[in-house]
Amino acid sequence: MSKKLEGKVALITGGSRGIGAAIAKRLAADGAQVAITYAKDASAASAVVKAIELGGGKAVAIQADAANVEAVKAAVEKTIETFGQLDVLVNNAGTVIPKPFEETTLEEMDRVIDINVRGTLATTQAALRHMKSGGRIISIGSAVGDRVQTPGLVAYSATKGAVKIFTQALSREVGGRGITVNNIQPGPIDTDLNPASGDWAVPQKAATALDRYGNVDEIAAAVAFIASPESSYMTGSNITVDGGMNA
Ligand code: NDP
């Protein structure tokens, strides 16, 4: 039986660690050829490529800071050069600088906005030039783009709210071309960005209905469904995968 993403090409931004690495491995396991970007850690990126190749898949790692529009455009072109097409874009690269809003500097706000919002918009624009009917734009927003339970996430939450309405608005422009646009909103997921241990984790875990952090594969599973042909009637949707944190 052929795999669900056989013959498809996916680009995952920030695919060298955490949620993005799990998405890259899962889409490759479902048959996609995969390009990942990373900002700093080339060895983590090449470990993801090697893991995919060991499983019989094809992958390439591209250094491209999501805040650098030229680098992002070059990453899309490199994906096309390598695999000949682009069917699925996952805007996953993101960062958070947790601190009280009034102590947050403009430079810190700019950094979070540039990666989480500007990067998502610029990468999507570059990708759409190559996408055909059946194309999928998938962003990794956040449960805090919908409801916020904790202080210290003002700028970050604002960017994830922007990703949410970006998803809804863009779905109206590209639906006629058979391209869907959806947003996965994770709750607390155990990664370097949000480790499940330590003081910061305690209230997040307590806020979930399932009383636990999620793992990266639980987000990758949702992305795999949206990337697949089975999600064909879903667009402009915000899919919250948060252990019931926002329930
Ligand atoms: P991690 O910090 O664990 O991993 C981030 C990944 O993105 C790494 O591969 C990193 O590569 C890459 N990256 C970081 N900055 C950039 C950049 N400027 N340009 C390109 N790549 C970059 O984060 P998570 O896996 O936890 O988060 C992934 C996404 O999920 C983010 O958008 C985040 O906001 C969102 N999210 C996470 C939640 C969580 O609880 N973990 C909850 C809700 C949403 P490198 O090492 O080379 O920098």
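By convention here, the first residue in the shown sequence is residue 1. Every number for a ligand or one of its atoms is a count from 1 in the order of the listing.
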Practice task
Tell me, please: is Gly187 in heavy-atom contact with ligand 1, that is, under 4.0 Å?
Solution key: yes
Problem - Verdict with supporting geometry, Thr13 and Val72, side-chain contact (heavy atoms from CB on, under 4.5 Å) - result: CA-CA 9 Å; Thr13 66; Val72 155; over 6 Å; no
Exercise for the section: Indicate yes or no: at least one non-hydrogen side-chain atom of Asn246 is less than 4.5 angstrom from one of Gln149. Expected result: yes
Exercise for the section: Check whether any N or O atom of Thr37, backbone or side chain, sits under 3.5 Å from an N or O atom of ligand 1, and answer yes or no. Expected result: no
Practice task
For atom 20 (C) of ligand 1, grab the closest protein heavy atom and report residue, atom and distance to one decimal in Å.
Solution key: Ala64 O, 3.4 Å
Completion exercise
d(Arg136 CZ, Ile226 CD1) to nearest 0.5 Å is 8.0 Å
Problem - Heavy-atom neighbours of Lys78 NZ exceed 12 at 6.0 Å - result: no
Problem - Under 3.5 Å side-chain donor-acceptor pair for Asp242 and Gln185 - result: no
Exercise for the section: State, yes or no, whether a side-chain contact exists between Arg111 and Glu108 at a heavy-atom distance under 4.5 Å. Expected result: no
Exercise for the section: Would you sort out whether Asp217 and Arg26 count as a salt bridge (charged side-chain N to carboxylate O under 4.0 Å, His left out), showing the intermediate values? Expected result: CA-CA 8 Å; Asp217 292 332; Arg26 173 62 197 262; over 6 Å; no
Exercise for the section: Could you check atom 44 (C) of ligand 1 against the protein and tell me its nearest heavy-atom contact, residue, atom and distance included? Expected result: Gly141 O, 3.2 Å
Exercise for the section: Return the option from Thr191, Thr95, Ile219 holding the heavy atom at the smallest distance from atom 26 (O) of ligand 1. Expected result: Thr191
Problem - Close approach, Tyr156 and ligand 1, non-hydrogen under 4.0 angstrom - result: yes
Practice task
Give the intermediate values and the outcome of salt bridge (charged side-chain N to carboxylate O under 4.0 Å, His left out) for residues Arg129 and Glu77.
Solution key: CA-CA 10 Å; Arg129 276 198 278 278; Glu77 294 312 316; 5.1 Å; no
Exercise for the section: Using non-hydrogen atoms of the residue, decide whether Ala44 is closer than 4.0 angstrom to ligand 1. Expected result: no
Exercise for the section: Check each of Asn183, Thr120, Thr124, Asn116 against Asn91 using the side chain to side chain donor-acceptor pair (under 3.5 Å) test, and report the only one that passes. Expected result: Thr124
Completion exercise
shortest atom 2 (O) of ligand 1-to-protein heavy-atom contact is with Leu193 CB, 3.5 Å
Problem - hydrophobic_cluster_shared for Val88 and Val223, side chain cutoff 4.5 Å - result: yes
Problem - Contact (N/O only, under 3.5 Å) between Ile19 and ligand 1 - result: yes
Completion exercise
Among non-hydrogen protein atoms, atom 16 (C) of ligand 1 lies closest to Ala39 CB, 3.6 Å
Exercise for the section: Kindly indicate whether the side chain of Pro188, heavy atoms from C-beta on, has any atom under 4.5 Å from the side chain of Thr208. Expected result: yes
Handout entry: Geometric N/O contact Gly20 with ligand 1, under 3.5 angstrom
Key = no
Completion exercise
To atom 19 (N) of ligand 1, the nearest of Gly119, Ala67, Ala66, Gly214 on a heavy-atom basis is Ala66
Practice task
Report yes if some heavy atom in the side chain of Arg17 is under 4.5 Å from a heavy atom in the side chain of Tyr38; otherwise report no.
Solution key: no
Completion exercise
The closest protein heavy-atom partner of atom 14 (C) of ligand 1 is Gly94 O, 4.4 Å
Handout entry: Nearest-neighbour protein heavy atom for atom 41 (N) of ligand 1, which is reported as residue plus atom name and distance
Key = Ile189 O, 3.1 Å
Completion exercise
If we number the atoms of ligand 1 from 1 as shown, the ones under 4.0 Å from a heavy atom of Asp41 are 45 (P), 46 (O), 47 (O)
Completion exercise
Heavy-atom proximity to atom 29 (C) of ligand 1 ranks first, among Asn92, Asp114, Thr13, for Asn92
Handout entry: Atom indices of ligand 1, in the order listed, that fall short of 4.0 Å to a heavy atom of Ser142
Key = 43 (C), 44 (C)
Handout entry: Enclosure of Arg172 CZ (heavy-atom neighbours >12, cutoff 6.0 Å)
Key = no
Problem - Heavy atom of Ile115, distance to ligand 1 below 4.0 Å - result: yes
Exercise for the section: Kindly check if the number of other-residue, nucleotide or ligand heavy atoms within 6.0 Å of NZ (Lys4) is above 12? Expected result: yes
Completion exercise
atom 43 (C) of ligand 1: closest protein heavy atom, distance to 0.1 Å, is Pro186 O, 3.3 Å
Practice task
Measure the spacing between CD1 of Ile97 and CD of Glu107 and express it to the nearest 0.5 Å.
Solution key: 10.0 Å
Handout entry: For atom 9 (O) of ligand 1, the protein heavy atom that lies nearest, with its residue and separation
Key = Ser16 OG, 2.6 Å
Exercise for the section: Any atoms of ligand 1 less than 4.0 Å from a non-hydrogen atom of Pro188? List them with their elements. Expected result: 40 (O)
Handout entry: Heavy-atom proximity to atom 13 (N) of ligand 1, best of Gly14, Ala42, Gly18
Key = Gly14
Problem - Candidate with minimal heavy-atom separation from atom 46 (O) of ligand 1, of Lys40, Arg17, Met245 - result: Arg17
Exercise for the section: May I ask you to check if ligand 1 and Lys160 share an N or O to N or O distance below 3.5 Å? Expected result: yes
Completion exercise
For Asp192, the ligand 1 atoms with a heavy-atom partner under 4.0 Å come out as 3 (O)
